[in-house]
Amino acid sequence: DNVSLYIRSLLDVGAIGMLMADEAQFVQNFLTVIGLLFSILAGNAYSALYEQQEAIYFALFQEVSEAKSLLEQTTLVCQGRPFYRPPPP
């Protein structure tokens with residue numbers, strides 16, 4: 001195919017001869033490069049998901065803080081109304 005012809009055009013005769021004589025090393029190097037690329041891809045995916053989860057937790061914390069503040073304000077407002085006061089003993 002075109003990719004293999006392009007790669008072959010980039011290599012000189014000595015490099016092609018070495019690759020033809022030592023196929024195991026070529027496969028090992030290929031697997032090492034693929035493993036490195038996979039590690040980089042997995043690291044980027046993990047980083048993006050961690051940032052997304054962190055943003056969700058911050059938003060949830062802000063919502064809970066607002067709800068707590070509203071509850072405290074409601075409690076203070078309702079303390080002054082006779083309907084919400086406990087009956088005298």
Side-chain angles (χ1 to χ4, degrees):
D1 63 350
N2 293 336
V3 175
S4 61
L5 293 176
Y6 176 72
I7 292 173
R8 184 174 178 153
S9 68
L10 295 176
L11 300 174
D12 61 351
V13 177
I16 293 174
M18 183 188 72
L19 291 175
M20 290 173 62
D22 193 9
E23 293 177 7
Q25 184 65 36
F26 177 75
V27 172
Q28 182 180 1
N29 291 341
F30 177 75
L31 292 177
T32 302
V33 169
I34 294 299
L36 176 65
L37 292 176
F38 177 75
S39 298
I40 292 170
L41 179 65
N44 285 339
Y46 179 77
S47 174
L49 290 175
Y50 183 77
E51 288 175 5
Q52 184 181 19
Q53 186 177 12
E54 184 181 28
I56 289 170
Y57 281 132
F58 283 144
L60 184 62
F61 178 77
Q62 289 176 347
E63 290 292 326
V64 169
S65 297
E66 287 294 325
K68 183 179 175 184
S69 175
L70 287 173
L71 181 64
E72 290 172 354
Q73 290 174 10
T74 305
T75 303
L76 291 174
V77 167
C78 292
Q79 280 180 352
R81 301 185 184 222
F83 180 76
Y84 293 106
R85 286 188 190 153

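Numbering of residues begins at 1 and proceeds along the displayed sequence.
With rounding to the nearest 0.5 angstrom, the OG1 atom of Thr74 is 6.0 Å from the CG atom of Leu70. Considering CG of Leu10 and CG of Leu5, their distance stands at 11.0 Å, rounded to 0.5 Å. In this structure, CG in Leu71 is found 10.0 Å from CG in Leu76, a value given to the nearest 0.5 Å. Note that CG of Leu37 is 11.0 Å distant from OG1 of Thr32, once rounded to the nearest 0.5 Å.
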Identify each donor-acceptor pair in which a side-chain atom of residues 43-68 lies under 3.5 Å from a protein atom, sequence neighbours left out, and give them as a table.
{"residue": "Ser65", "atom": "OG", "partner": "Phe61", "partner atom": "O", "Å": "2.9"}

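Residues forming a side chain to side chain contact (heavy atoms under 4.5 Å, CB included) with Leu11 (at least two apart in sequence, or on another chain): Ile7, Ala15, Ile16, Leu19.
Within the 4.5 Å cutoff, no side-chain heavy atoms of Asn29 are placed close to those of Val33.
The hydrophobic cluster of Phe38 has no other members, since no ILVMFWY side-chain heavy atom comes under 4.5 Å of it.
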